[in-house]
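Working notes, beginning with the structure itself.
Values below: every heavy atom of this structure, side chains too, minus hydrogens, waters and symmetry copies. Note that this is a predicted model, so its numbers are computed, not measured. Labels below follow one simple rule: chain letters A, B, ... track the order of the sequence lines, proteins then strands, and each chain is numbered from 1.
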Amino acid sequence: MASLPTFSVNYCTLQLQPHSGKHPNCSLLTQKITNISYKRSHTITTHLNGNSVPVKSLDFLQAVKEGTKIETSCYVPLLQECIHRNSLSEVQILHAHIIKTGTHQDPFVMTFLVNVYVKCGTMEEAERVFNNLPRIYVAAWTTLMTGYVQNSQPELAIRVFLDMLETGDYPTHITLGTVLNACTSMKSIKLGNQIHAYIVKYCIEDDTSVGNSLCSLYSNCGSLVSAIKAFRRIREKNVISWTTVICACGENGEAFQGLNFFVQMLSEDIEFNEFTLTSILSMCSTMLSLCVGEQVHSLIIKLGYESNLRIRNSVMYLYLRCGSVYEARKLFDGTQHVSLVTWNSVIAGHAQMIEFAKDDLSAHHSGAEALNIFSILNRSGMKPDLYTFSSVLTVCSKLVALQQGEQVHAQILKTGFLSDVVVGTALVNMYNKCGSIERASKAFVEMSTRTLISWTSMITGFANHGHSQQALHLFEDMLLVGVRPNQITFVGVLSACSNAGMVHEALNYFDMMQKDYKIRPVPDHIVCLIDMFVRLGRLEEALDFIKRIEFKPNEVIWSRLVEGCMRHGNMELGFYAAEQLLKLKPKNPETYLMLLDMYLSTRRWEDVFRVKSLMEEEKISKIQDWSWISIKDKVHSFKPNDRLHSADMYKLLDELLDKAENLGYKSRECLELIDEDDEIKTFSSTVYHSEKLAVAFGMLNTVNAAPILVIKSTTMCRDCHNFIKVISSVTGREIIVRDSTRLHRFVDRQCSCGDDGFGL
DNA sequence: CTAGGGTTAG
């Protein structure tokens, strides 16, 4: 006999039971469930005391209390109604009744009860019932596994699977589908392949549910080709199969192919449902294709799905992600009974708009609107859930809105959502982004479970605050706990090394990333390393490094080298790097500013004109230099030299400038790209730069001990950086400025960036 | 007991 596939999950290795030749399909028990259970219909009828009664109108609790005898066959539909109502308390009453009447001897009812507890999200109870089952059938194993998969403990699902095989029970096609789903959540293609081998061996690859699960496994592991293969092998494809393959295309960036599958469905008259439509919509959202999205929307109206709330929510989200606030708003206002998901979609949609907005000003506006919607939601009496909180915390972190973030934190504590990993991670990230590394690490330590994202967020937080050693210690801890780092984790690790100038360590980790974890370097990794060499003045090494990478260096990589060359006065290399940069036709106005500064200061007028004409060609507009500060629930914005704020503020700023000058600060001019006719004003004053205005405003409008948090759309200039350093000690205030490249935390004349992280 | 609107790290 050929050797059997081996399942290995960290702690155990087990051989599958030898098969008897034919795969045992559904057990008797599964058949029984299908016969008695119902599609999730709203009118379940049952027989009570000989009369056929619709369960929904039946106050079964009353019946139970009055001591009515319930036939064993009635428990399942009653329990099903509890799932539908999501009422754990009623489940418990029924459970007690089941015990009282001795029905707990019935393996079928008790197996169903495991499912009920799973559906109510109470795994402890589900386990308890499972452990006391009079006889464990394959359906019970499967149900328990499903519970673990749905409650984000896929490793336990695999453990249960192995336990099941040990007792000699055979998996059904549904069990295998669930195991595949566990592999999918663990993103373990290795284990998935082993299960796939088993499936091929028993010739059930063409089974609908197995095929569907295989399709989503491969899709989640990034292999669209295998996903489509799995889909094609399904003998009887159902709506789920089609929807899954469409999702697979969307998740893997092949939206066009996904649309083709949908068109095929339409032309072949294959049944589709609301889920198919929402998948299509979310595909349009991720590829930001408003044009296709609008067509799908009209199709939805034509097909009469317009009033469907799920679909409405998806359409709203689509419009928001594509920046059509007006359309989204129209839909929102036109919806009579909005659900929590509607609110969540609108908030998450605005959060997304921050990322995809055309400029920083509208990005900021979206963020402020998201917070506004959140407060309306709170006043409406509806209770926010973990999705709401995660989105809102993201918004706070992007707006550097510490006060709102703290309020949300308090609300999360009260409502008990802190135990959720995603919410906990979002909280850690919020404190990191708002400059409070202390509270971030406190929140991180207090988490009961951590995902890769939690670790990565905290490591990056330490790195961004200049706490390199702590970042690296945390990374080592993460490895000890057995969490596998990814590309993004290494960005944090390398940036920690870079900030501390730890060349040896950086190169070691860079090596480890590629050799031990088979992660290919991306521009972000290289940027960290280039920054490190540049910081140490080792410009030639930086160049060597750029030449050694396998991909074409991007705009950021070259511009960091140009910047470094300017700082260290190596103009020859600077000109070379600038040539490479110009070949890429950069899009960032700040890059042009830097190049102009370089050519102006060396009086290379021809190059100045070359850069200027390239700017025209590339339609580079003037730099949008804005700063913001959130105070209480309001966001205040500042433009350089604006005179829109109170006279007190300008007075305070002038006083601070005086004080700073007495302590050795010397104001310096800086290059700017401003003015209506887009002419280059060579050097202009930095006195009223937007961040200075925002800081002064913050001093005036917050209590003395409070930190001042400013967010800035461009990179901070050297002058403002010096100024804020000085006044942090003059005023004894902590000042945090998050600019377009990094976070600066000024305390007592020191900045967390180590004074190397700013521009001209 | 299998897909299924809204959530976290760069």
For a quick check under 3.5 Å, do [X] and [Y] share a side-chain donor-acceptor pair by atom type?
X         : Y         : value
Thr388(A) : Asp385(A) : yes
Tyr148(A) : Glu127(A) : yes
Asn181(A) : Thr178(A) : no

Side chain of [X]: nearest nucleotide among [options]?
X         : options                 : value
Leu386(A) : dT7(B), dA9(B), dG6(B)  : dT7(B)
Ser213(A) : dT8(B), dA3(B), dC1(B)  : dA3(B)
Gln352(A) : dG5(B), dC1(B), dT7(B)  : dT7(B)
Tyr317(A) : dT2(B), dT7(B), dA9(B)  : dT7(B)
Val341(A) : dA3(B), dG6(B), dT7(B)  : dG6(B)
Asp420(A) : dT7(B), dG5(B), dT2(B)  : dT7(B)
Thr143(A) : dC1(B), dT2(B), dG10(B) : dC1(B)
Val491(A) : dT8(B), dA3(B), dG10(B) : dG10(B)

[X] side chain near [N] phosphate (N/O to OP1/OP2, under 4.0 Å):
X         : N       : value
Thr460(A) : dA9(B)  : no
Asn212(A) : dA3(B)  : no
Gln150(A) : dT2(B)  : yes
Tyr431(A) : dT8(B)  : no
Lys433(A) : dG10(B) : yes

Please check if the number of heavy atoms outside Glu476(A) that lie under 6.0 Å from its CD is greater than 12. yes
Heavy-atom neighbours of Lys229(A) NZ exceed 12 at 6.0 Å: no
Is there a donor and acceptor pair closer than 3.5 Å between the side chain of Asn486(A) and the base of dA9(B)? yes
With no angle test and no hydrogens, is the base of dG6(B) tied to the side chain of Asp385(A) by a donor-acceptor pair under 3.5 Å? yes
Measure from the ring centre of Tyr387(A) to the centre of the six-membered ring in the base of dG6(B), then say whether that distance is under 5.5 Å and the planes meet at under 30°. yes
Can the ring centroids of Tyr202(A) and Tyr198(A) be said to lie less than 6.0 angstrom from one another? yes
Residues in contact with DNA chain B, drawn from residues 227-236 of chain A - heavy-atom cutoff 4.0 Å: none
In numerical order, the residues of residues 305-315 of chain A whose heavy atoms come under 4.0 Å of DNA chain B are Leu309(A), Arg310(A), Asn313(A), Ser314(A)
Give [X] one of three labels, base, sugar-phosphate or nothing, depending on what nucleic acid heavy atoms sit under 4.0 Å from its own.
X         : value
Gln487(A) : base
Thr178(A) : nothing
Ser241(A) : nothing

Nearest whole Å is fine: how far is [N] [atom2] from [X] [atom1]?
X         : N      : atom1 : atom2 : result
Phe275(A) : dG6(B) : CZ    : C1'   : 14 Å
Leu393(A) : dA9(B) : CG    : P     : 10 Å
Tyr218(A) : dA3(B) : OH    : P     : 16 Å
Leu427(A) : dT7(B) : CG    : P     : 18 Å
Ile240(A) : dT2(B) : CD1   : C1'   : 6 Å
Asn273(A) : dA3(B) : CG    : C1'   : 9 Å
Phe130(A) : dC1(B) : CZ    : C1'   : 13 Å
Tyr117(A) : dC1(B) : OH    : P     : 16 Å

Taking all non-hydrogen atoms of both residues, which atom of Leu393(A) and which atom of Leu427(A) are closest, and how far apart? CD1-N, 3.7 Å
Ring-plane angle category for His467(A) and Phe462(A), please: parallel below 30°, perpendicular beyond 60°, tilted otherwise. perpendicular
By the side-chain hydrogen bond (donor to acceptor under 3.5 Å, both in side chains) test, which pairs, at least two apart or in different chains, include something from residues 519-528 of chain A? none
Is it possible for you to check whether Arg450(A) lies under 6.0 Å from the centre of the six-membered ring of Phe444(A), through NZ or CZ, and within 45° of that ring's axis? yes
Full working for side chain to side chain contact (heavy atoms under 4.5 Å, CB included) between Val428(A) and Trp455(A): CA-CA 10 Å; Val428(A) 169; Trp455(A) 288 96; over 6 Å; no
